[in-house]
J.: 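Right, I'll just put the structure down here and ask away after.
Each chain gets a letter, A, B and so on, in the order its sequence line appears, and its residues count up from 1. Side chains included, hydrogens not; waters and symmetry mates left out as well; all remaining heavy atoms used.
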Amino acid sequence: MIARLYPLLLRAYGPQGWWPLASMAGHRGFDSRGYHPGSFSFPRTPAQRFEIAVGAVLTQNTSWGNVEKALAALASAGVRTPADLLGCTGERLAGLVRSSGYHNQKARTLRVLSVFFQAPASLRAASPPARDELLSLRGIGEETADSILLYAFGRPVFIVDAYTRRLLQRIGVIGGRESCREIQALFSDALPRAHELFNEYHALIVAHAKARCRARPVCEGCPVPRCCARRLPRHPPRHPPRSRT
DNA sequence: CGCCAGGTGGGAT
DNA sequence: ATCCCACATGGC
């Protein structure tokens with residue numbers, strides 16, 4: 001199922017291209033928001049790796065639109081490098097990323113991340129950190145660590161996020177109790193371990209989750225065969241609108 | 001107004 | 001090991 005799903009989604013939504021790099025918006029191969037559909041081999045400079053990691057923290061349980069505002073605030077304040085971030089007071093940093101939500105927590109996590117990316121600088125720039133190393137950082141959990149490994153360092157680890165769980169549960173591949181590592185094993189066992197594939201596949205899952213497989217699903221015209229239809233409640237619960245007098 | 005968004009850490013069980 | 005909850009803003 002996991003192997004069959006990918007071409008289905010690719011045909012339905014087309015190449016996505018991740019991670020968006022706002023700093024590359026408009027450059028050759030990148031669109032106006034920094035996506036680079038169909039290509040995963042662009043050069044990742046140390047600055048780009050760091051930008052990806054910052055975005056991965058800011059998007060924790062947060063829509064990308066809110067993250068873009070925070071990234072724009074950082075950029076227009078001239079705060080880009082780990083040293084720049086560490087030069088801010090926690091309060092100022094929290095203010096800059098306020099739009100991404102949880103800004104106090106995230107400001108602290110960004111400082112921890114900056115220390116990590118700063119030293120030892122030359123090593124950190126090019127060689128992938130160990131997963132456990134990232135997980136030891138306060139504020140970096142499994143999804144954020146794996147996002148950094150995949151999108152910043154090109155490691156073939158599959159991202160397991162809320163969208164992935166929701167989709168797999170609806171099509172009956174998982175029950176819902178499985179750990180992140182168990183779900184990753186499903187992908188790793190079913191697919192060639194190529195970071196380009198893992199990248200695009202996860203991007204497609206996000207596209208599908210946003211377009212159709214939402215919390216309140218839009219099943220009409222869904223590109224995924226009806227195997228999940230009988231698992232969905234006919235009318236997902238919703239409160240009737242209340243008058244606002 | 002209520003729901004949702006590319007989670008995480010810490011405390012209780 | 002697992003469950004539960006606080007953490008926060010913005011879009012629709």
Side-chain angles (χ1 to χ4, degrees), chain A residues 9 13 16-22 33-35 51-74 90-91 93-113 116 131-132 134-152 157-170 174-184 187 198-218 233 235-245:
Chain A
L9 295 176
Y13 299 102
Q16 302 298 303
W18 266 25
W19 187 279
L21 277 167
R33 293 176 66 197
Y35 289 83
E51 181 184 337
I52 290 168
V54 168
V57 167
L58 293 180
T59 199
Q60 289 169 353
N61 202 38
T62 302
S63 63
W64 186 251
N66 285 357
V67 173
E68 284 183 324
K69 295 179 203 305
L71 290 173
L74 289 170
E91 215 171 76
L93 191 51
L96 289 172
V97 301
R98 185 177 54 82
S99 70
S100 73
Y102 309 119
H103 51 278
N104 296 315
Q105 291 182 165
K106 285 175 180 175
R108 179 157 72 148
T109 303
L110 290 180
R111 300 174 70 78
V112 170
L113 187 76
F116 182 78
R131 190 178 197 261
D132 286 343
L134 290 169
L135 288 177
S136 73
L137 305 179
R138 166 85 174 257
I140 306 278
E142 290 186 301
E143 186 189 334
T144 308
D146 289 339
S147 293
I148 293 170
L149 290 173
L150 176 66
Y151 296 114
V157 292
F158 204 91
I159 309 299
V160 176
D161 59 4
Y163 289 156
T164 308
R165 287 177 180 279
R166 188 164 73 200
L167 174 60
L168 293 189
Q169 186 164 0
R170 284 178 176 170
I174 63 172
R177 282 304 95 106
E178 292 81 355
S179 69
C180 173
R181 302 317 291 267
E182 285 177 283
I183 295 171
Q184 287 181 319
F187 286 91
F198 285 15
N199 183 326
E200 186 64 55
Y201 201 158
H202 181 248
L204 287 165
I205 288 174
V206 173
H208 179 57
K210 285 179 173 171
R212 298 193 169 281
C213 207
R214 309 177 180 183
R216 192 179 170 76
V218 181
H235 290 295
R238 185 181 57 170
H239 293 294
R242 201 100 66 74
S243 67
R244 189 190 309 187
T245 59

J.: Check every atom of B:dT8, C:dG10, B:dA5 against the side chain of A:Arg98 and return the nucleotide holding the closest atom.
T.: C:dG10
J.: Would you mind telling me which of B:dC4, C:dG11, B:dG9 lies closest to the side-chain atoms of A:Arg138?
T.: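 Per side-chain heavy atoms of A:Arg138, the pick is B:dG9.
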J.: Can you identify which nucleotide, out of C:dG10, B:dG7, B:dA5, has its nearest atom closest to the A:Ala215 side chain?
T.: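 For A:Ala215, the side-chain atoms sit closest to B:dA5.
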J.: Among B:dT8, C:dG10, B:dA5, which nucleotide has an atom closest to any side-chain atom of A:Arg166?
T.: B:dA5
J.: Under 4.0 Å between any heavy atoms, over every strand shown, what does A:Leu135 touch: base, sugar-phosphate, or nothing? Just pick one.
T.: nothing
J.: Between A:Arg165 (CZ) and B:dT8 (C1'), how many Å, whole number?
T.: 13 Å
J.: Picking from B:dA5, C:dC3, B:dT8, which would you name as closest to the side chain of A:Arg177?
T.: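 Out of B:dA5, C:dC3, B:dT8, the nucleotide with an atom closest to A:Arg177's side chain is C:dC3.
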J.: Checking contacts here: which listed nucleotide (B:dA5, C:dT9, B:dG7) is nearest the side-chain heavy atoms of A:Glu143?
T.: B:dG7
J.: For A:Lys210 and C:dC12, what is the distance between atoms NZ and P respectively, to the nearest whole Å?
T.: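 In whole Å, C:dC12 P lies 12 Å from A:Lys210 NZ.
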J.: Would you mind classifying the nucleic acid contact of A:Ile159 as base, sugar-phosphate or nothing, using non-hydrogen atoms under 4.0 angstrom?
T.: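 Counting heavy atoms under 4.0 Å across all strands, no contact is made by A:Ile159.
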J.: Identify, between A:Asn61 and A:Lys69, the residue whose nearest nucleotide on DNA chain C lies closer to the 5' end.
T.: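 It is A:Asn61 whose nearest nucleotide is closer to the 5' end.
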J.: Assign A:Thr144 to base, sugar-phosphate, or nothing according to its heavy-atom contacts below 4.0 angstrom with the strands shown.
T.: sugar-phosphate
J.: With no hydrogens and no angle check, just 3.5 Å: does a side-chain donor-acceptor pair link A:Asn199 and A:Gln16?
T.: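 Looking only at side-chain atoms, A:Gln16 and A:Asn199 do not form any donor-acceptor pair under 3.5 Å.
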J.: Have a look at A:Val57 and tell me which of A:Thr144, A:Val67, A:Val112 forms a side chain to side chain contact (heavy atoms under 4.5 Å, CB included) with it.
T.: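 Testing each of A:Thr144, A:Val67, A:Val112 against A:Val57, the sole residue satisfying side chain to side chain contact (heavy atoms under 4.5 Å, CB included) is A:Thr144.
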J.: Expressed in angstrom and rounded to an integer, what is the separation of A:His103 atom NE2 from C:dT9 atom C1'?
T.: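 Interatomic distance, NE2 of A:His103 to C1' of C:dT9: 8 Å.
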J.: Both A:Ala209 and A:Gly141 contact DNA chain B. Which one's nearest nucleotide lies toward the 5' end?
T.: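 In this pair, the answer is A:Ala209.
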J.: Ignoring the backbone of A:Asn104, work out which of C:dA8, C:dT9, B:dG9 is nearest its side chain.
T.: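 Taking heavy atoms from C-beta onward, the closest nucleotide is C:dA8.
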J.: Using a strict threshold of under 4.0 Å (side-chain N to carboxylate O), is an ion pair present between A:Arg165 and A:Glu178?
T.: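 A salt bridge is absent here (no side-chain N lies under 4.0 Å from a carboxylate O).
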J.: Does the plane of the ring in A:Trp19 sit parallel, tilted or perpendicular to the ring in A:Tyr151? Use 30° and 60° as the thresholds.
T.: tilted
J.: Taking atom types as modelled and ignoring hydrogens, do the side chains of A:Gln184 and A:Arg181 form a donor-acceptor contact shorter than 3.5 angstrom?
T.: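 Yes, side-chain donor-acceptor contact under 3.5 Å.
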J.: Of the listed nucleotides (B:dA5, C:dG10, C:dC7), which one gets closest to any side-chain atom of A:Ser63?
T.: B:dA5
